[in-house]
Amino acid sequence: MPYVPHTPEDIRRMLGVIGAPSVASLFDEIPAELRPKSFDLPAGKSEMDVLAHLEALAKKNAVNHVSFLGAGFYDHHIPAAVDALSMRSEFYTAYTPYQPEASQGTLQAIFEYQTAVTRITGLAYANASVYDGGSALFEGAMMAVRHTGRRKLVVCEAVSPIYRVMLSSYTSNLHLELVTVPHKDGACDLAALTKALDADTAAVVVQNPNFFGTLHDFTALFAAARAAGVVSLISVYPVLQSVLKSPGEMGADVAVAEGQSLGLPLSFGGPYLGVMTCNKELVRQMPGRMVGRTVDTEGRTGYVLTLQAREQHIRRQKATSNICSNQALCALRALIHLCLLGQEGLTRTAETCIERAHYAAERLTAIDGVKLLSGDAPFGNEFAISLPVNAYKVIDKLSARGVVPGFPLGRYYQGLENVLLVACTEKTSTESIGIFAEMLRGALK
């Protein structure tokens, strides 16, 4: 809306209504020493000057690097149609669909998104998403706490450390016990996770592929959890779910994911998409909005918000969650992306990512002193390599030459200062892998 300045008379009348002597008096509660002495605003510029200044700032960004950085966020190809369709004004200006009679298009899009992600995870119910993969993991854990009435969460250390920090932060004042089961050379310790389950455990939390890129079949763990009355919560990478055993097939109760890899650009960290799915037992614990399909009195198909209480919006103390959100535009992009690729395209993308990663691992481990952290353990499009030097030294050398070699695991895992997490997508060429390998060989001499 346009900026309309207030006249002195407008200000006088408003102050009179609220009984304040001056505008300055509105800030009396702020101590004088905390008030700004000046705002130090520079002189205004013309439109042409502002554009030139912003373009100069943008040119400082390193946008031409070849990147092998992953760690939960991946540079996948996004078909041009995703932008073209999702940026139509009826989508990107639409607000939350409280009135179904005026929101059938938005509601149908959300319903179709829910259908698509349940097919990916193999679980029957989905919501209209939450903020990101980390908040989805937290929300899944809280579903388990409410469902079981228990207060302990058993978490594999190979779950994304970013997500584990979020889980710890969000639960810090909720009087929950978080038990972290150490990884074994980048792999989940399934025996230790199973042993940690007891009558106080609300959920066991794992990830596939895990943060190190290692793949697991958690079927036996989830069966043991169900026998102990424990909710099985798994975080997955949506692209690889087209070729891996699904959470539903493993017997998971709740499956969550970061949806960034489904048509969302990296964009300096968001906005992203927290995918959430669950089985029927936990559906009434699901936070956020869910869309159902029904028929009206004349038998016509219609879409409505369903299985949610009004407390979700107006009585915060009784809400299932107070940090969930309807990320409908991000969910729409994910839906369009999935529809454009289809099952065959998504599978081909996953297979290409895995093939490139295995080729990269072969090239890199052929270098003296470089080996896979997890040995012969299976991995997807990401793997951890142990180097003879600190990983940051390699990152500094190669980044200066236009290659971002990966993510330094020592940032989150003590004792892994020499370990680098390397990711490949369908955009990673075999040529760039070869260049990376030769540059790394040179950097280690």
Side-chain angles (χ1 to χ4, degrees), residues 54-78 133 160-163 165 186 209-213 237 239 258 260-261 264-270 272 352-374 379-445:
L54 293 176
E55 288 171 356
L57 292 177
K59 288 178 181 178
K60 294 182 178 182
N61 293 325
V63 296
N64 296 318
H65 279 49
V66 176
S67 179
F68 292 86
L69 188 62
F73 307 93
Y74 304 96
D75 185 21
H76 287 287
H77 170 69
I78 301 174
S160 168
I162 302 168
Y163 295 175
V165 168
N210 67 24
F211 191 70
F212 299 86
Y237 177 19
V239 172
E258 170 54 65
Q260 176 273 322
S261 58
L264 294 169
L266 291 170
S267 298
F268 293 92
Y272 288 154
T352 301
C353 295
I354 293 171
E355 289 170 1
R356 299 283 167 83
H358 281 253
Y359 174 66
E362 181 181 339
R363 290 293 304 269
L364 296 175
T365 55
I367 301 170
D368 289 341
V370 179
K371 60 181 181 180
L372 290 172
L373 176 67
S374 302
F379 61 90
N381 73 312
E382 199 163 17
F383 56 93
I385 53 173
S386 180
L387 305 171
V389 299
N390 189 290
Y392 276 107
K393 292 183 179 180
V394 171
I395 291 172
D396 289 343
K397 287 183 179 180
L398 270 62
S399 295
R401 299 179 60 189
V403 173
V404 181
F407 184 88
L409 287 176
R411 180 174 181 178
Y412 289 109
Y413 293 93
Q414 187 175 1
L416 297 185
E417 288 76 13
N418 288 14
V419 180
L420 189 67
L421 186 64
V422 179
C424 295
T425 70
E426 74 280 13
K427 293 175 69 173
T428 309
S429 67
T430 54
E431 179 185 11
S432 64
I433 293 171
I435 293 171
F436 174 22
E438 293 309 311
M439 289 177 66
L440 179 60
R441 190 188 306 275
L444 295 179
K445 286 183 179 180

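Keep in mind that what you see is a predicted model, and the values were worked out from it rather than measured.
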Mutual orientation of the aromatic rings belonging to F211 and F407 [parallel < 30°, tilted 30-60°, perpendicular > 60°]: perpendicular
Please check if the side chain of [X] supplies one atom and the backbone of [Y] the other of a donor-acceptor pair under 3.5 Å.
X	Y	answer
E258	Y272	no
H76	T425	no
N381	C424	yes
E355	C353	no
Y412	G410	no

Between [atom1] on residue [X] and [atom2] on residue [Y], distance to nearest 0.5 Å:
X	Y	atom1	atom2	value
L440	I435	CG	CD1	13.5 Å
K371	L364	NZ	CG	15.5 Å
I367	L444	CD1	CG	6.5 Å
E426	I354	CD	CD1	12.0 Å
L398	H65	CG	NE2	10.0 Å
D75	S261	CG	OG	11.5 Å

What heavy-atom pair brings [X] and [Y] nearest, and what distance separates the two atoms?
X	Y	result
H77	K427	N-CD, 3.4 Å
A361	F379	CB-CZ, 3.8 Å
L420	A391	CD1-CB, 4.3 Å
S399	V404	OG-CA, 4.2 Å

Min side-chain heavy-atom separation P408-I395 under 4.5 Å: yes
Y392 vs R411 side-chain heavy atoms within contact, under 4.5 Å: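 In contact.
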Step-by-step side chain to side chain donor-acceptor pair (under 3.5 Å) determination, Y237 to E382: CA-CA 11 Å; Y237 177 19; E382 199 163 17; over 6 Å; no
The single option from V422, V66, T428 passing side chain to side chain contact (heavy atoms under 4.5 Å, CB included) against F436: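 Single side chain to side chain contact (heavy atoms under 4.5 Å, CB included) partner of F436 among V422, V66, T428: V422.
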Candidate list N418, V403, L387, I385, test side chain to side chain contact (heavy atoms under 4.5 Å, CB included), partner V394, passing option: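 Of the listed options, the one satisfying the test is L387.
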Member of R363, E362, R356 meeting the side-chain hydrogen bond (donor to acceptor under 3.5 Å, both in side chains) criterion with Y359: R363
F212 and L416: CA distance, side-chain angles, deciding distance, side chain to side chain contact (heavy atoms under 4.5 Å, CB included) verdict: CA-CA 11 Å; F212 299 86; L416 297 185; 3.7 Å; yes
Evaluation steps, side chain to side chain contact (heavy atoms under 4.5 Å, CB included), between Y413 and V419: CA-CA 9 Å; Y413 293 93; V419 180; over 6 Å; no
Greater than 12 external heavy atoms within 6.0 Å of N61's CG: yes
